[in-house]
Amino acid sequence: MPQFRQFANPAPLGLSSFALTTFVLSLHNGGIGQKFGSPPNVVAGLAFFYGGLCQLLAGMWEFASNNTFGATAFSSFGGFWMAYGVIITPFFGVGEALTAAGGNVKAHAVGIFLLGWVIMTFILFLATLRTNLGLCLLFAFLDITFILLCAGDWTGNGHVTKAGGYMGLFTALIAWYIAASDLIGHHNSFFVLPNPSLAPRSARANLEDSKTEEI
């Protein structure tokens, strides 16, 4: 029988990189700790390397682990953060070109960018309805976050953008919680964090049986 290398679980890395980058940007969007509307360039490093590269790598390792959903989600949002980093980094000239166009061109362009992610996130949300509660809530609140930020850009309403920032903070906390629930167990700590399954009982029973056979 051929032997295959077993990979560690890449999900905590992907979730943590998503959570931290989302947390920092959401503080900016919510005007928390700094003036609302200030340049978001402080997020660029995280967007390229932690939320971007690390999350993309987590997605590639999910492919190797035969987890199609995890691979699609992590790789997609790794790409999202890299694309956002390009928009806010002066070197690439994207933000400057949109600003130079005048009017609401930049805000509307970013709104269109976010609208695409509203759709993508909703598709991923539908794929979590029979997974676990944490993952389902994560994509539900993330989609609401994108909707609010998209609406804030299109309408120019700062209060809507701030609401998106607050919702993003909550989304980041959920992602951190799921990552912690994967990392913390009886093998390395004195407690575990619950993350109730949404799978049908029959599917859960089959999963438990397969785990028992492996043991």
Side-chain angles (χ1 to χ4, degrees), residues 8-30 32 43 46-47 50-63 65-84 113-152 160-185 191-200 203-204 207:
N9 182 10
L13 171 62
L15 288 162
S16 298
S17 58
F18 171 82
L20 179 55
T21 313
T22 301
F23 182 79
V24 174
L25 180 60
S26 296
L27 287 174
H28 167 82
N29 288 332
I32 302 172
V43 186
L46 287 171
Y50 196 39
L53 180 60
C54 287
Q55 197 171 180
L56 179 62
L57 290 173
M60 295 300 104
W61 287 317
E62 288 283 20
F63 274 119
S65 301
N66 199 31
N67 183 354
T68 303
F69 176 83
T72 303
F74 288 141
S75 301
S76 295
F77 284 104
F80 163 80
W81 282 116
M82 290 181 175
Y84 185 75
F113 173 76
L114 294 173
L115 178 61
W117 289 100
V118 168
I119 298 169
M120 180 64 191
T121 305
F122 182 70
I123 294 171
L124 292 171
F125 164 71
L126 294 178
T128 66
L129 297 178
R130 296 175 69 175
T131 57
N132 58 67
L133 182 61
L135 207 57
C136 188
L137 289 176
L138 172 63
F139 282 92
F141 281 101
L142 178 58
D143 208 27
I144 295 171
T145 300
F146 277 133
I147 290 171
L148 291 171
L149 294 176
C150 176
V160 177
T161 299
K162 284 186 176 182
Y166 302 149
M167 191 63 68
L169 289 174
F170 192 64
T171 301
L173 293 177
I174 295 175
W176 264 322
Y177 179 88
I178 303 171
S181 72
D182 282 345
L183 284 172
I184 299 171
F191 62 92
V192 295
L193 296 175
N195 187 9
S197 174
L198 299 178
R204 277 181 277 174
L207 180 60

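Atoms considered below: every heavy atom in the structure, side chains included; atoms not considered: hydrogens, waters and symmetry mates. Predicted model only: the values in this text are computed from it and were never measured.
Taking the side chain as every heavy atom from C-beta outward, Phe18 and Cys54 never approach each other to under 4.5 Å. Two residues are said to be in side-chain contact when any heavy atoms from C-beta on lie closer than 4.5 Å; Asn9 and Trp61 fail this criterion. Counting heavy atoms from C-beta on, the side chains of Leu15 and Leu138 come closer than 4.5 Å. Between Tyr50 and Val24 the shortest side-chain heavy-atom distance does not fall below 4.5 Å. Side-chain contact between Ser26 and Tyr166 is absent, with no heavy atoms from C-beta onward closer than 4.5 Å. Leu135 places a side-chain heavy atom less than 4.5 Å from the side chain of Phe69.
The two residues Thr128 and Leu124 have their closest heavy-atom pair at CG2-O, 3.2 Å. Closest heavy-atom contact between Trp81 and Gly51: CD1-O, 3.4 Å. Counting all heavy atoms, side chain and backbone alike, Asp143 lies closest to Val118 at OD1-O, 2.7 Å.
Using modelled atom types, no side-chain atom of Glu62 and backbone atom of Ala58 make a donor-acceptor pair closer than 3.5 Å. Formation of a donor-acceptor pair under 3.5 Å by the Ser65 side chain with backbone atoms of Asn67 is not found in this model. In terms of modelled atom types and a separation under 3.5 Å, the side chain of Ser17 and the main chain of Gly14 share a donor-acceptor contact. Listed for the Asn132 side chain is no donor-acceptor partner under 3.5 Å among the backbone atoms of Asn195. Side-chain N or O atoms of Ser76 include none that pairs as donor or acceptor with a backbone N or O of Ala73 at under 3.5 Å. Using modelled atom types, one side-chain atom of Ser181 and one backbone atom of Ile178 make a donor-acceptor pair closer than 3.5 Å.
Ring-centre distance between Phe63 and Phe74: not below the 6.0 Å cut-off.
Every residue meeting the side-chain contact (heavy atoms from CB on, under 4.5 Å) condition with Ala163, not counting sequence neighbours, appears here in chain and number order: Leu148.
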